[in-house]
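Treat the numbers as computed from the prediction; the structure is a model and nothing was measured. These values consider heavy atoms only, across backbone and side chains, with no hydrogens, waters or symmetry-generated copies.
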Amino acid sequence: MPLAGPQGTAELPDVARAEKQWHPWRWALSIFVTLLVLRFFILIATNQNLQWPIVANYLFNPVVLRGLGMTLWLTFLAMAVGFVLGTALALFRMSTIAPLSYFALGFTWLFRSVPTLVLLIFLYNISILIPTVEIAIPFGPVLWSERTNDLVTPFVAATIGLGFHKAAYMSEIIRAGLLSVDDGQKQAAASLGMSSATMLRRVILPQAMRVIIPPTGSEIISTLKLTSLVSVISMADLLYTVETIYARTFQTIPLLVVACLWYLILTSILQIGQRYIEKYFGRGYRSRAGTSDHSAAQE
């Protein structure tokens with residue numbers, strides 16, 4: 001059907017004869033990036049200085065695996081402390097009780113501001129500031145006393161430092177997830193006679209998880225890598241283990257490659273797990289979004 005235009009009659013384009021446009025710059029960029037990646041892998045595979053036989057020899061070494069186990073254990077503990085304490089801080093922050101709200105705000109500000117490495121070193125040397133830990137009756141006798149060095153071991157310092165650091169970030173992530181739930185859901189739950197705890201557990205948290213899960217997955221991966229910082233306080237994690245080996249054998253690069261390979265493997269597994277968890281908690285939302293899009297297309 002012809003269309004009238006300012007300069008005469010123009011025809012609609014024939015869709016059946018439409019051809020895909022040629023984009024030479026896209027092809028050139030794709031070829032360049034592909035060649036660059038191939039060059040990188042060839043360099044890695046053929047570089048004799050990487051000493052791949054030594055890498056293969058130490059990859060499943062029992063000492064390295066023990067360090068790997070410590071890395072995984074610290075990651076789990078730090079995220080457990082971070083999630084539990086972060087949930088409490090998020091609820092405190094949203095509370096109408098001013099002292100609780102200000103405490104959560106101050107905690108988040110402090111532990112998001114201090115670098116993790118500085119925090120770990122500070123906790124490792126906390127005995128200089130507090131030589132002993134005591135439980136006593138006010139103005140009365142001391143019921144229990146212990147040297148701080150005996151209580152705050154490198155493992156305890158690493159767990160507290162990483163856990164408090166993660167709690168500060170998780171509190172903001174969880175608070176954002178809780179705020180993303182519509183107020184109508186809360187009002188409907190309250191009209192059914194649900195208590196605040198039941199409402200949180202049965203209505204708010206299941207819907208908030210869709211928002212909480214993606215950044216939480218990123219925080220778990222970040223925590224896994226942050227555990228490498230505990231090597232400065234003599235914690236026998238993966239990095240500290242390979243450091244002690246190459247300090248004795250002088251095979252620095254191959255042992256660092258071993259550590260990098262294990263970090264790559266673990267982060268890849270965590271990313272795959274995160275994808276499936278996101279799919280699980282987002283299944284209802286995606287189906288509703290797909291129905292809305294289908295209805296809009298029909299209209």
Is there side-chain contact between [X] and [Y], with heavy atoms separated by less than 4.5 Å?
{"X": "T227", "Y": "Y240", "answer": "no"}
{"X": "R210", "Y": "I213", "answer": "no"}
{"X": "Y263", "Y": "L238", "answer": "yes"}
{"X": "L266", "Y": "L72", "answer": "yes"}
{"X": "L74", "Y": "F155", "answer": "yes"}
{"X": "V230", "Y": "M70", "answer": "no"}
{"X": "V232", "Y": "Y124", "answer": "no"}
{"X": "L120", "Y": "M235", "answer": "no"}

Grab the two heavy atoms, one from [X] and one from [Y], that are nearest each other, plus how far apart they are.
{"X": "T34", "Y": "S30", "answer": "OG1-O, 2.7 Å"}
{"X": "V211", "Y": "S180", "answer": "CG2-OG, 3.4 Å"}
{"X": "T132", "Y": "E134", "answer": "OG1-OE2, 3.7 Å"}
{"X": "T108", "Y": "A168", "answer": "CG2-O, 3.5 Å"}
{"X": "A167", "Y": "F107", "answer": "CB-CE2, 4.2 Å"}
{"X": "T241", "Y": "G67", "answer": "OG1-CA, 3.4 Å"}

| field | Other residues, nucleotides, ligands: >12 heavy atoms within 6.0 Å of W144 CH2 | value |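 For W144, atom CH2 is crowded (more than 12 foreign heavy atoms under 6.0 Å).
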ask   = Is the count of non-hydrogen atoms from other residues, nucleotides or ligands lying under 6.0 Å from L43 atom CG greater than 12?
value =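 Yes, CG of L43 has more than 12 neighbouring heavy atoms, counting only those of other groups under 6.0 Å.
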I'd like to know if the side chain of [X] reaches the main chain of [Y], judged simply by a donor and an acceptor atom lying under 3.5 Å from each other, with no hydrogens or angles considered.
{"X": "N125", "Y": "I121", "value": "yes"}
{"X": "S101", "Y": "A98", "value": "no"}
{"X": "S228", "Y": "L239", "value": "no"}
{"X": "W262", "Y": "L65", "value": "no"}
{"X": "S95", "Y": "L100", "value": "no"}

* Please identify each residue that fulfils salt bridge (charged side-chain N to carboxylate O under 4.0 Å, His left out) with R66, with sequence neighbours left out. =>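 Salt bridge (charged side-chain N to carboxylate O under 4.0 Å, His left out) list for R66, sorted by chain: empty.
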Quick check: is [Y] connected to [X] through a chain of hydrophobic side chains (ILVMFWY, heavy atoms under 4.5 Å apart)?
{"X": "L226", "Y": "L224", "answer": "no"}
{"X": "V55", "Y": "F60", "answer": "yes"}
{"X": "I44", "Y": "Y58", "answer": "yes"}
{"X": "W109", "Y": "L105", "answer": "no"}

Mind listing the side-chain donor-acceptor pairs of residues 77-93 below 3.5 Å, one per line with the distance, residues two or more places apart or on another chain?
| unit_1 | atom_1 | unit_2 | atom_2 | d |
| --- | --- | --- | --- | --- |
| T87 | OG1 | F83 | O | 2.7 |
| R93 | NH1 | E172 | OE2 | 3.0 |

Parallel, tilted or perpendicular for W73 and F76, by the 30°/60° rule?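 The rings of W73 and F76 lie parallel, inter-plane angle below 30°.
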With respect to T216, which candidate in Q274, M170, E278, M209 satisfies the side chain to side chain contact (heavy atoms under 4.5 Å, CB included) definition?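 For T216, the side chain to side chain contact (heavy atoms under 4.5 Å, CB included) check succeeds only for M170.
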